[in-house]
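Just so you know, these numbers use all the heavy atoms, side chains as well, and skip hydrogens, waters and symmetry mates. In listed order, ligands and their atoms are each counted from 1.
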Amino acid sequence: MAYRRIVVLTGAGISAESGIKTFRAEDGLWEEHRVEDVATPEGFAADPELVQHFYNGRRAQLISDAVKPNAAHIALAELEQIYGASLLLVTQNIDNLHERAGSQNIIHMHGELLKMRCAYTDKIYPIHTNIKVDDRCQCCGMRGALRPHVVWFGEMPLQMDEICDALDACDLFIAIGTSGNVYPAAGFVRQAALSGAHTMEINLEPSAVESAFAEHRYGLASAVVPALVA
Ligand code: BV8
């Protein structure tokens, strides 16, 4: 590929073949819970036990031996070997599969499952086990202060300035495994296209914003992404 600056946006679909449930499939993550109940600050305030349980379960699955990066994650890490700092990987995913595949230039715009945050000081800590509702926080000693370092609906996605700068400067934007339902991520393709970038959607099926993409490649990410990078 003869491009100078690439932005790749990934969603839950890139991790599906690694055994991590997506959000909106029939057996998806949200099927067991209403989004409003578990992925909003209000839901957390109303029932912290339920929300911690929801994320503790996902964290336990993520650190189990069963979950490993797949060929799509590995192909993106190989692409970064070629492009270096000219490739920015923005992921909506809160898993660590891109890191484990070898990618380094990553922005987790919706946070990270293996990090927790003090609600009072905003300090961030690694976490590989369960967060219990009455755990004392390391920084302020308060009970009930620890929450997953995850961006909920209504909260500001992380590092939006860096993302917008990269979108304005890129000449190739690729979205992989995202349904295009959640903003501002779903609007990135339009921002990249306005900057003159070529835009490509890689997904199982057309996303909600497929019409904004110049090119579409449909199929399993673990097959389509390595073919793209080869
Ligand atoms: C914000 C973290 C202000 C938690 C998540 C009305 C209209 C428009 C927007 C809004 C509105 N009302 C409110 C909003 C804003 C809202 C929003 O977009 N709501 C939607 C639902 C209407 N957004 C927000 O609140 C965001 N914050 O707007 O703040 C702001 C705005 C701009 C600038 C500054 C501030 C915060 C949103 C973040 C919410 N947190 N996750 C957690 O993970 O538990 S969102 C959650 O959904 C995940 O992060 C996920 O990334 C995201 C999107 O889902 P996808 O990744 O796309 O997954 P999905 O299952 O939907 O699709 C998977 C796709 O993969 C499918 O298409 C499938 O076909 C494909 N696939 C499956 N298998 C494969 C595959 N493809 C290839 N190969 C395979 N094997």
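- Close approach to W152 involves these atoms of ligand 1, each under 4.0 Å from a residue heavy atom: 36 (C), 39 (C).
- No side-chain donor-acceptor contact under 3.5 Å links N203 to the backbone of S179.
- Remark: side-chain polar atoms of N70 are not paired, donor with acceptor, to backbone N or O of S222 under 3.5 angstrom.
- Side-chain N or O atoms of E201 include one that pairs as donor or acceptor with a backbone N or O of S207 at under 3.5 Å.
- When each atom of ligand 1 is checked for a heavy atom of G11 under 4.0 Å away, the hits are 56 (O).
- Here A39 has no heavy atoms under 4.0 Å from ligand 1, in either its backbone or its side chain.
- The distance from ligand 1 to the heavy atoms of E205 drops below 4.0 Å at these ligand atoms: 66 (C), 67 (O), 68 (C), 69 (O).
- N130 places no side-chain N or O within 3.5 Å of a backbone atom of K132 that could act as its donor or acceptor partner.
- If you check each of M109, M156, M160 against atom 34 (C) of ligand 1, the one with the closest non-hydrogen atom is M156.
- Using modelled atom types, one finds no donor on one side chain facing an acceptor on the other under 3.5 Å when comparing E78 with Q81.
- Side-chain N or O atoms of H198 include none that pairs as donor or acceptor with a backbone N or O of D171 at under 3.5 Å.
- With a heavy-atom cut-off of 4.0 Å, R58 touches ligand 1 through its side chain alone.
- Looking at R59, its side chain does come within 3.5 Å of a backbone N or O of T129 through a donor-acceptor pair.
- For ligand 1, one of its N or O atoms has an N or O atom of A221 under 3.5 Å away.
- Side chains of T199 and R190 form no contact here, defined as non-hydrogen atoms less than 4.5 Å apart.
- When the options G180, A208, G177 are ranked by their closest heavy atom to atom 63 (C) of ligand 1, first place goes to G177.
- Within ligand 1, the atoms closer than 4.0 Å to a non-hydrogen atom of L220 are 78 (N), 80 (N), numbered from 1 in the order shown.
- Shown in contact with A16 at under 4.0 Å from a heavy atom are these atoms of ligand 1, numbered in order with element: 73 (N).
- L89 places a side-chain heavy atom less than 4.5 Å from the side chain of H98.
- Closest heavy-atom approach to atom 51 (O) of ligand 1 among the candidates Q92, H108, E17: Q92.
- In this structure, G154 counts as a contact residue of ligand 1, since one of its heavy atoms falls inside 4.0 Å of the ligand.
- The proximity of I94 to ligand 1, defined as any non-hydrogen pair under 4.0 Å, is limited to the side chain.
- The shortest N or O to N or O distance between S179 and ligand 1 is under 3.5 Å.
- Residues passing the ring pair (Phe, Tyr, Trp, His ring centres under 6.0 Å) test with Y120: none are found, sequence neighbours excluded.
- Set against the non-hydrogen atoms of E155, the atoms of ligand 1 under 4.0 Å away are 1 (C), 26 (C), 27 (N), 29 (O), 36 (C).
- For the ligand labelled ligand 1, residue P157 lies inside the 4.0 Å heavy-atom shell.
- In this structure, the side chain of E210 does not engage the main chain of H216 through any donor-acceptor pair within 3.5 Å.
- Counting heavy atoms closer than 4.0 Å to ligand 1, residue V150 contributes side-chain atoms (C-beta onward) but none from N, CA, C or O.
- At least one heavy atom of G219 sits closer than 4.0 Å to an atom of ligand 1.
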